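See structure below.
Since the structure is predicted, the reported quantities are computational estimates derived from the model, not experimental observations. Both backbone and side-chain heavy atoms feed into the values below; hydrogens, waters and symmetry mates do not.
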Number of protein chains: 2
Amino acid sequence: MRTMTIRDIARKCKVGVSTVSRAMNNHPDINPETKEMILRVIEESGYIPNKSARNLKITESDTVAILVKGIGNPFFSGMIDIIQKKAQQHSYACILQPVEPHENELDKALEMVQEKKLKGIIFLGGNFRHHQEKLKKLRVPFVVSTAGRAEDFGVPMAASVSVDDFAESYKLVDYLCRQGHKRIAMLTSADTDLSVGKLRFEGYLKALRDHGIQPDENLIFKLRGDSDHFSITSGYELTKRALTQHCDFTALFAVADTLAVGACRALHEAGIRVGRDCAVAGYDGLELGQFYCPSITTIRQPVEEIAKETADILFDMILDGKEPESRTFQGELVVRESTEPAE
Amino acid sequence: MRTMTIRDIARKCKVGVSTVSRAMNNHPDINPETKEMILRVIEESGYIPNKSARNLKITESDTVAILVKGIGNPFFSGMIDIIQKKAQQHSYACILQPVEPHENELDKALEMVQEKKLKGIIFLGGNFRHHQEKLKKLRVPFVVSTAGRAEDFGVPMAASVSVDDFAESYKLVDYLCRQGHKRIAMLTSADTDLSVGKLRFEGYLKALRDHGIQPDENLIFKLRGDSDHFSITSGYELTKRALTQHCDFTALFAVADTLAVGACRALHEAGIRVGRDCAVAGYDGLELGQFYCPSITTIRQPVEEIAKETADILFDMILDGKEPESRTFQGELVVRESTEPAE
DNA sequence: GTTTTTGTTGGAACCGTTTTCGGTAACGTT
DNA sequence: AACGTTACCGAAAACGGTTCCAACAAAAAC
């Protein structure tokens with residue numbers, strides 16, 4: 001059975017195809033009655049206009065896209081809603097496009113720009129360090145959120161919004177040191193170059209050194225590359241492993257709250273009281289850590305503000321032709337039970 | 001600057017457009033050398049074929065789609081990977097399409113079928129009860145996973161995979177009753193008709209009655225419609241509210257693990273020891289509950305099997321033209337600390 | 001040496017829209 | 001009565017691919 005086209009509708013309405021098109025895209029040059037009649041017929045016959053054909057012909061389209069590498073990451077989920085709402089306020093369409101781990105976010109972006117005629121892009125996650133050429137071909141404004149700094153990209157129309165992971169991580173570990181901890185274990189990601197984990201790790205090192213503590217290789221635990229990245233389970237297992245080589249740390253810093261939760265459970269099972277016997281801290285400020293027992297000390301990233309700013313910067317570029325303007329947000333050290341047990 | 005087309009490549013290679021097309025779609029009728037040469041030129045010039053144009057012309061395309069209403073739901077995240085892997089094994093492309101809460105998953109599906117020439121669809125979440133007409137227009141096989149039973153749809157090509165929420169919920173509450181609990185509070189969703197919560201709620205009622213317990217209105221707490229659905233925070237707040245009207249329940253059953261986590265924290269803050277003073281149980285079997293302190297009793301849904309079966313059923317229909325065959329899985333009651341404190 | 005086959009190619013039609021570019025009718029103005 | 005406006009409409013040309021078909025050369029079969 002052939003699928004219905006605009007011509008079928010035109011025939012059914014005894015009008016030209018252009019009129020039907022006008023009716024659908026509320027074009028001014030059409031008699032309101034004809035329009036209504038056409039729309040009714042369309043409704044009745046369940047005609048669905050072919051988007052490919054439309055996108056092929058169209059030259060511009062007031063839409064932006066959010067490309068998310070690692071949907072499922074609760075940190076991103078929080079941002080997405082906010083960004084979409086912003087887009088709506090500007091009456092822009094906003095399409096959410098997950099990027100699979102093995103896909104390249106830039107190739108995807110390039111495709112979508114010409115397919116969907118995007119006016120702008122927001123990247124959540126992903127890596128952009130070694131892709132200048134592709135970034136340059138992307139001729140629309142875009143902003144990279146919490147995945148690197150725009151300065152590193154070396155291309156115009158690039159803005160970034162991020163939290164200074166190095167400084168915040170430093171802040172947290174500094175706090176732990178001031179609490180008197182000398183042996184602070186670290187749970188971080190495997191590949192140091194690409195990951196968000198890198199800066200957080202460096203902040204950790206710096207803080208230790210500034211407190212006259214020599215970082216101890218034996219206290220640094222890296223995720224195996226294959227385990228799925230920042231899951232609770234991997235935090236749990238990594239900590240279990242850490243505990244087998246009794247290296248007597250008194251505090252543990254995980255680069256993500258999820259990992260910290262897993263760590264807490266592992267410690268708990270080993271009979272170590274989190275907060276009293278061993279401090280635990282995470283990073284991100286997820287709901288999760290706030291409601292855990294004990295609640296988990298963390299660096300809260302201002303998700304809402306980050307999301308808002310990300311969207312604002314993008315639309316400033318799109319609508320007002322403003323220059324890309326990057327921002328770095330402050331995180332907030334949120335001290336909770338896992339490092340300061342109630343009395 | 002005009003965007004590059006297949007004709008530009010053809011010109012640059014001094015061949016016809018059809019030859020370029022053949023090179024890209026590894027069509028057999030082409031000289032391997034020409035092909036290689038063309039591909040090299042394409043690579044060098046950074047040409048990106050226009051997907052809309054392609055989709056417009058193409059008549060079929062070995063792809064399936066997963067339409068997820070409520071991406072971010074960790075239960076779905078777990079399934080997605082597995083399904084995608086299955087698709088890959090059949091060398092089918094698999095596109096992941098989030099559906100916004102306000103969008104209708106069926107309209108989206110209809111669009112995509114004609115736009116992307118889908119061979120099949122997997123729905124995660126969503127509601128299909130009152131949409132027979134649209135389901136009928138969807139002329140490809142599809143399977144609905146954990147969002148209702150195929151029998152209710154009344155259309156061919158529809159399969160469903162689910163867990164018998166009613167029975168499992170019954171199983172859990174029955175267990176609580178056998179533990180001696182008489183006053184069991186329930187945390188459930190607002191709208192009883194559409195939601196997964198409904199069957200779980202009914203299982204709760206039935207179990208109580210079978211134990212000679214008259215369900216108490218005052219122990220049933222429903223989420224406000226506006227709060228985002230099954231978040232930890234809403235579980236927390238709902239429980240807080242429950243506690244203000246001291247209705248002295250000795251157990252609490254939440255329709256989702258996330259809610260249960262929130263509940264645990266609220267109880268904890270009220271000085272009530274979860275497990276000892278009050279039992280808490282959830283539903284889903286998320287990582288979260290397993291690692292919480294105390295770990296949370298739940299009904300574990302066999303995510304992996306469900307996902308595998310969902311994919312298998314779909315591909316059986318697509319590849320072998322099999323009849324839609326629905327399945328209902330057993331859940332598993334996982335008793336943990338929140339209902340049975342260690343000694 | 002002619003015919004058939006095989007392998008490779010290019011031309012052109014087509015997919016279903018939007019949009020340009022007139023065209024027509026109705027109306028008000030001189 | 002002739003004209004300029006205005007409001008609405010339809011035919012046809014794109015958009016950028018794929019694919020059918022005819023063409024041609026070289027190789028194989030007779």
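The minimum heavy-atom distance linking B:P141 with B:M317 is given by the pair CB-CB, 3.8 Å.
Residues that satisfy the side-chain hydrogen bond (donor to acceptor under 3.5 Å, both in side chains) test with A:K86, not counting sequence neighbours, are A:D312.
Residue contacts shown for A:T34 are limited to sugar-phosphate atoms, with no base heavy atom under 4.0 Å away. In this structure, B:K35 reaches neither bases nor backbone, as no heavy-atom distance under 4.0 Å exists between it and the strands shown.
Taking the charged nitrogens against the carboxylate oxygens, A:K117 and A:E60 have no contact shorter than 4.0 Å, which rules out a salt bridge. A salt bridge links A:D62 to A:K119: at least one charged side-chain nitrogen sits closer than 4.0 Å to a carboxylate oxygen. Taking a cutoff of 4.0 Å between a charged side-chain nitrogen and a carboxylate oxygen, B:K308 and B:E304 qualify as a salt bridge.
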Between the protein and nucleotides 22-27 of chain C, are there any N/O to N/O pairs under 3.5 Å, and if so, what are the atom names and distances?
none

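To the nearest angstrom, C1' of C:dG10 lies 13 Å from CG of B:D29. In this structure, B:I30 atom CD1 and D:dT19 atom C1' are separated by 14 Å, rounded to whole Å.
Under the 4.5 Å side-chain criterion, counting only non-hydrogen atoms from C-beta, A:F75 is in contact with A:V303.
One finds no side-chain N or O of B:T19 lying less than 4.0 angstrom from the OP1 or OP2 phosphate oxygen of C:dT9.
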In the 5'-to-3' direction, what one-character label does each nucleotide of nucleotides 12-18 of chain D receive under the scheme B = base within less than 4.0 Å of a protein heavy atom, S = sugar-phosphate only, - = no such atom?
-> B-BBBBB
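Between A:H27 and B:K14, the one whose closest nucleotide on DNA chain C sits nearer the 5' end is B:K14.
Side-chain polar atoms of A:S61 and A:T63 form a donor-acceptor pair below 3.5 angstrom.
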Apply salt bridge (charged side-chain N to carboxylate O under 4.0 Å, His left out) to the pair A:K134 and A:D107, showing each step before the final yes or no.
-> CA-CA 8 Å; A:K134 281 180 186 168; A:D107 290 337; 3.0 Å; yes
